[in-house]
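Just so you know, these numbers come straight off a predicted model, no measurement behind them.
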Amino acid sequence: MDMLPDSLLFLYGSILIGPIFQEDAAVLYAAGVAASGKLPTVTVFLIIWLGLCLSDYWKYWLGWWALKHPQGQKQAEKDKVIAMGEKVQGNLFKTLLAGRFIPLARIPTYFACGYFHVPYWKFCLYITFTALCYITVVFTVVLTLGMVMGERLKWILPVVALTVLLTVLSAYFIKRRGGDD
């Protein structure tokens with residue numbers, strides 16, 4: 001390996017904190033780094049898994065905090081909201097698995113878990129498992145493509161990750177601007 005220790009620290013650090021900014025792009029980036037052979041695949045896998053879990057664990061508390069607000073408490077007492085909470089509690093694994101794989105569903109799903117008083121330990125356990133499933137799928141696809149495409153994958157994956165990030169940011173800003181008109 002021809003990298004300096006500072007470069008390794010930066011690379012591992014970016015893989016660890018990447019999910020805070022955009023989970024899908026971070027996982028694609030990590031898989032691309034693993035496919036390039038610059039870092040050990042198992043190490044990259046474990047670091048992105050840790051980063052993904054840490055990025056998601058705190059989102060539960062947004063929902064919990066919303067219940068502390070009088071308006072949040074008032075909404076929680078409505079029959080439809082109570083029924084939705086029961087469905088989330090009763091189908092927690094399916095809800096979190098779907099939230100993991102359906103675009104734009106993660107944050108609202110994790111928020112809802114806190115809002116509906118899902119036990120935090122159970123939330124963390126399922127988040128950890130669904131993150132493992134998601135990363136396994138992405139790494140399997142990228143590493144398989146890497147074997148098929150070889151050197152071309154080194155420039156394709158960063159482009160794909162950047163495209164995903166720019167698409168998400170563009171959608172956010174377009175939606176935000178549309179709401180201001």
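Applying the salt bridge (Lys or Arg N to Asp or Glu O under 4.0 Å) definition to pairs two or more places apart or across chains, none involves residues 109-122.
Follow the hydrophobic side-chain contacts under 4.5 Å out from L132 and you reach Y60 in the same cluster. Residues V44 and V42 are members of one and the same hydrophobic cluster, defined by side-chain heavy-atom contacts under 4.5 angstrom among Ile, Leu, Val, Met, Phe, Trp and Tyr.
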Next on the checklist: Pair Y29, D24 - check side-chain hydrogen bond (donor to acceptor under 3.5 Å, both in side chains), show working.
Outcome noted: CA-CA 8 Å; Y29 171 73; D24 297 317; over 6 Å; no
Checklist entry - Does the side-chain contact (heavy atoms from CB on, under 4.5 Å) test come out yes or no for K59 and T109, once each step is laid out? => result CA-CA 9 Å; K59 293 170 185 158; T109 301; over 6 Å; no
Checklist entry - Between E86 and K80, is a salt bridge (charged side-chain N to carboxylate O under 4.0 Å, His left out) present by the stated rule, with each step listed? => result CA-CA 10 Å; E86 290 170 357; K80 287 184 180 181; over 6 Å; no
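When every heavy atom of P119 is checked against every heavy atom of Q89, the shortest pair comes out as CD-OE1, 4.1 Å. Scanning all heavy atoms of the two residues, the minimum distance from E23 to S55 falls at OE2-OG, 3.5 Å. Nearest heavy-atom pair across G32 and V142 is N-CG1, 4.0 Å. Of all heavy-atom pairs between L143 and A31, the closest is CD2-O, 4.5 Å.
Rounding to the nearest 0.5 Å gives a distance of 11.0 Å between CD1 of I135 and OG1 of T140. Rounding to the nearest 0.5 Å gives a distance of 13.0 Å between CD1 of I48 and OH of Y12. Rounding to the nearest 0.5 angstrom, the gap separating the CG atom in L52 from the CD1 atom in I47 is 13.5 Å. Within the model, atoms SG of C113 and CG of L96 stand 4.5 Å from one another, a figure rounded to the nearest 0.5 Å. For the atom pair OG (S14) and CZ (F21), the distance works out to 10.5 Å, reported to the nearest 0.5 Å. Going from atom CG of L125 over to atom OH of Y120 covers 12.0 Å, rounded to the nearest 0.5 Å.
Under the 30°/60° scheme for interplanar angles, the aromatic rings of Y115 and F111 are found to lie parallel. In this pair, F139 and F45 present their aromatic rings perpendicular. The plane angle is above 60°, beyond the 30 to 60° band.
Contact annotation: the side chain of Y57 never approaches that of Y110 to less than 4.5 Å [non-hydrogen atoms, C-beta and beyond]. Proximity of V27 to P19: side-chain heavy atoms (C-beta onward) are nowhere separated by under 4.5 Å. Contact check for Y134 versus V138: side-chain heavy atoms found under the 4.5 Å cut-off. Counting heavy atoms from C-beta on, the side chains of W49 and T128 come closer than 4.5 Å. Between L8 and L39 the shortest side-chain heavy-atom distance falls below 4.5 Å. Side-chain contact check for C124 versus D56: every heavy-atom pair is 4.5 Å or farther apart. Side-chain contact between F123 and I127 is present, with at least one heavy-atom pair separated by less than 4.5 Å. Between T95 and K87, the closest side-chain pair of non-hydrogen atoms is not below 4.5 Å.
Within 6.0 Å of atom CD1 in I20, more than 12 heavy atoms from other residues, nucleotides or ligands are found, so the atom counts as buried in its surroundings. Within 6.0 Å of the CH2 atom in W61, the count of heavy atoms belonging to other residues, nucleotides or ligands exceeds 12. Residue-environment remark: CD1 (I107) stays at or below the threshold of 12 foreign heavy atoms within 6.0 Å.
Under the rule for a side-chain contact (heavy atoms from CB on, under 4.5 Å), the partners of W58 that lie at least two apart in sequence or sit in another chain are L62.
At least one cation-pi condition fails for R100 and Y126: the charged atom is not both under 6.0 angstrom from the six-membered ring centre and inside a 45 degree cone around its axis.
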